[in-house]
Engineer: 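This is the structure, below, for whatever I ask next.
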Amino acid sequence: MTLKLAIAQLNFVVGDLTGNARKIVDAARSAHAQGARLLLTPELSICGYAAEDMFLRPAFVSACDDAVTAVATELADLDGMVVVVGHPTGGSLRGKSVAVQLRHNAASVLSEGRILGTYAKRELPNYQVFDERRYFTPGDSVCVFEAGGVSVGLLICEDAWFDEPAQLAKDAGAEVLAVINASPFHVGKEGERVMRMADRAKAVGLPLVYAHLVGGQDEVVFDGASFALQSDGSTALQAESFKEKLVFAQMERTDGRGRFVRDEAAAAPPREAEAQLWDALVLGVRDYIGKNGFPGAILGLSGGIDSALVLAIAVDALGKDKVRAVMMPSPYTADISCIDAREMARRLGVRYDEISIKHTFESFLGALADDFKDLPEDTAEENLQARIRGTLLMALSNKFGSIVLTTGNKSEMATGYCTLYGDMAGGFAVIKDLLKTTVFALARWRNAHDPYGTGSEPIPERIITRPPSAELRPDQTDQDSLPPYEILDGILARYMEDDEGIDEIIAAGYERPIVERVARLIKINEYKRRQAPVGIRVTHRSFGKDWRYPITSMFNETAGRKTV
């Protein structure tokens, strides 16, 4: 007995029920024509992942139910074809002060115009970016269905990270596990998934196929990279990451056991972390701008490393004709910054303009002269320059419709080394989740690779090797205000990303005054981060849905150990 199955590794749009349904129907017809008798679509494929509080709207869930029925009807003529579709279903009991969920994160099995069964996800994640217990209630059923003479046990994403759902499916007669997923990308996640699914396949002694979503949705990116594993956990199929495609796998039953036929030609080679990270950022920009209907992007190009990296990402995502760079020199902008900005714009072929802010800055200072009289220059004058630039970029955005890409990195967002309503002004924060040391590493990687054919070595070497500076006062460097980035980023990774305590970080070799200063900066700048634009999540903990700290808080980790 053999079963050819297909994985619809597709990019869906949240709320586009008609468009998503059409993608599923087209994929099913194509798969059927190529001999497949089972098509797996990703988790919540009908509505896109994640629809957030749209799940709370009865009209939305009802429309999803109608879309599932419509897909089943449209596929009624495909003899012997089974299609698994992810969708929300059910309702809730809601009042102004309480909500009881009766809704499920579900998947339905469709064949020849009928819904053969519906499975509700049993394990609901409620960590990192996941918030499923807000919307859904766990299921308690098991779903094993037949496709091409093979018994298939259906699981949804988190179910496969636990022992019981897979074992129950096997006990109900499953010969293979089909896991449909929407698992957001972060660096290292792909390997972790394969390892955990290999453990699951070995634990139950069944082959496993993992169908995964691809695409960007607000701050999260889904990387695809669907795969199939043998019952011993070895890889039988590995699809490419960050690409939409219909992926096929052949399963055979011999001696009463199922096994995938390994297709060497279909095995995507391993990729370095920087390549995956670049693809995630490019896809995140392309989908945010494309799915939200912006005609292009605009950014302030300063001659520094952060804006240079954002420009390179934007061109790879959108093409040079949809990206505009604006250099806005102030009295403190070095000539080499303008030279390097012009050169990078030339290399990538984007529209480049220079708008001096010197006279505007002088006008602001004149308006404030009486209030600032006899007071020394400080961050007030520095921030004025950043806010003038932000105002000009937003004016251009309003006039021409292009979204402003901000260029701040994670190290700056953590410590508040950014200007509210200045360089933070914009619509999408491309490198918001990259530590400064990662910015440098990724810039070097991009100069050594041209993955999208937009130009080799796009970033002038001097931009990478110059000491970073905001250029808001004479001879300024970032290290005037911050610890060296190698030290700062090491502390941030431990304190912010991994929740290590101050004493733990000090025990790892960092100096106490620096650690306590960084922790304080993170705390006092929460109000800025709350007002920052959404940005692409590429680590396991970003300043977004992963990070939910109060702005007003008197807790101090060191003082908190003292007794009264």
Side-chain angles (χ1 to χ4, degrees), residues 285 296-364 381-400 402-409 412 418-419 421-431 439 443 446-447 454-455 457-478:
V285 169
I298 186 170
L299 69 146
L301 190 63
S302 69
I305 186 70
D306 295 315
S307 62
L309 187 65
V310 171
L311 178 59
I313 293 166
V315 172
D316 277 6
L318 306 173
K320 64 182 181 181
D321 294 337
K322 290 187 176 182
V323 181
R324 180 180 178 183
V326 182
M327 174 62 159
M328 294 167 284
S330 80
Y332 307 114
T333 301
D335 289 341
I336 58 174
S337 294
C338 292
I339 292 169
D340 290 342
R342 292 178 200 135
E343 173 60 16
M344 183 169 181
R346 184 196 66 79
R347 292 185 187 187
L348 287 174
V350 300
R351 176 177 174 178
Y352 172 81
D353 300 282
E354 290 186 8
I355 304 174
S356 173
I357 67 167
K358 179 180 178 181
H359 297 305
T360 310
F361 181 44
E362 290 172 350
S363 295
F364 270 72
E381 287 80 5
E382 294 181 26
N383 289 345
L384 265 180
Q385 298 165 69
R387 290 180 176 130
I388 291 167
R389 290 179 173 128
T391 298
L392 292 174
L393 288 174
M394 289 306 302
L396 291 170
S397 175
N398 289 160
K399 185 63 69 175
F400 300 106
S402 294
I403 189 172
V404 175
L405 302 180
T406 64
T407 60
N409 60 64
E412 295 169 346
C418 47
T419 303
Y421 321 125
D423 56 305
M424 292 175 66
F428 198 55
V430 179
I431 59 171
V439 169
R446 177 60 181 87
N447 268 6
T454 59
E457 297 187 48
I459 305 175
E461 183 65 18
R462 184 165 56 188
I463 291 180
I464 299 176
T465 57
R466 280 179 68 193
S469 169
E471 293 191 323
L472 298 173
R473 64 173 183 264
D475 303 317
Q476 182 182 30
T477 67
D478 290 1

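The chain is numbered in sequence order, starting from 1.
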Engineer: Could you point out which residue of R387, R389, E362 forms a side chain to side chain contact (heavy atoms under 4.5 Å, CB included) with I357?
Structural biologist: R389

Engineer: Atom CG of L384 and atom OG of S363: how far apart are they, to the nearest 0.5 Å?
Structural biologist: 11.0 Å

Engineer: So which atom in A334 and which in R466 form the shortest heavy-atom distance, rounded to 0.1 Å?
Structural biologist: CB-NH2, 4.3 Å

Engineer: Could you give the distance from CG (L396) to CD1 (I355), rounded to the nearest 0.5 Å?
Structural biologist: 5.0 Å

Engineer: With a 4.5 Å cut-off on side-chain heavy atoms, are L348 and K320 touching?
Structural biologist: no

Engineer: Indicate yes or no: at least one non-hydrogen side-chain atom of R446 is less than 4.5 angstrom from one of T454.
Structural biologist: yes

Engineer: Just checking F364: does its CZ atom have more than 12 heavy atoms from other residues, nucleotides or ligands closer to it than 6.0 angstrom?
Structural biologist: no

Engineer: Can you name the nearest heavy-atom pair linking A297 to L318, along with the distance?
Structural biologist: CB-CD1, 3.8 Å

Engineer: Over all heavy atoms of both residues, which pair between P460 and E343 is shortest? Give the atoms and the distance, please.
Structural biologist: CG-CG, 3.9 Å

Engineer: With a 4.5 Å heavy-atom cut-off, do F361 and P331 have their side chains touching?
Structural biologist: yes

Engineer: Just verifying a value: how many Å separate D353 CG and M328 CE, rounded to the nearest 0.5 Å?
Structural biologist: 10.5 Å

Engineer: Tell me whether T406 contacts the main-chain N or O of G408 through its side chain, where contact means a donor paired with an acceptor under 3.5 Å.
Structural biologist: no

Engineer: Taking the side chain as every heavy atom from C-beta outward, state whether V326 and L392 have any pair of such atoms under 4.5 Å apart.
Structural biologist: no

Engineer: So I431 and I313, side-chain contact (heavy atoms from CB on, under 4.5 Å) or not? Walk me through it.
Structural biologist: CA-CA 9 Å; I431 59 171; I313 293 166; 4.0 Å; yes

Engineer: Supply the atom-to-atom distance I388 CD1 to T419 OG1, rounded to the nearest 0.5 angstrom.
Structural biologist: 11.5 Å

Engineer: A quick test of your reading: do over 12 heavy atoms of other residues, nucleotides or ligands sit less than 6.0 Å from CG of D335?
Structural biologist: no

Engineer: Please confirm whether the backbone N or O of S397 pairs with a side-chain atom of S402, one donor and one acceptor, at under 3.5 Å?
Structural biologist: no

Engineer: I'd like to know if the side chain of T407 and the backbone of D306 have a donor-acceptor N/O pair within less than 3.5 Å.
Structural biologist: no

Engineer: I need the minimum non-hydrogen distance between P458 and M344, along with the two atoms involved.
Structural biologist: O-CG, 3.2 Å

Engineer: Hey, is the main chain of I459 close enough, under 3.5 Å, to the side chain of N447 for a donor-acceptor pair?
Structural biologist: yes

Engineer: How long is the straight-line distance from CG of D423 back to CG of N383, given to the nearest 0.5 Å?
Structural biologist: 8.5 Å

Engineer: Do you know which two heavy atoms are closest between C338 and P329, and how far apart they sit?
Structural biologist: SG-CB, 4.1 Å

Engineer: Rounded to the nearest 0.5 Å, what separation is found between the NZ atom of K358 and the OG1 atom of T333?
Structural biologist: 11.5 Å

Engineer: Would you check if L393 and L299 make a side-chain contact, meaning some heavy-atom pair closer than 4.5 Å?
Structural biologist: no

Engineer: Would you name the heavy atoms of A443 and I305 that are closest together and state the gap between them?
Structural biologist: CB-CD1, 3.6 Å

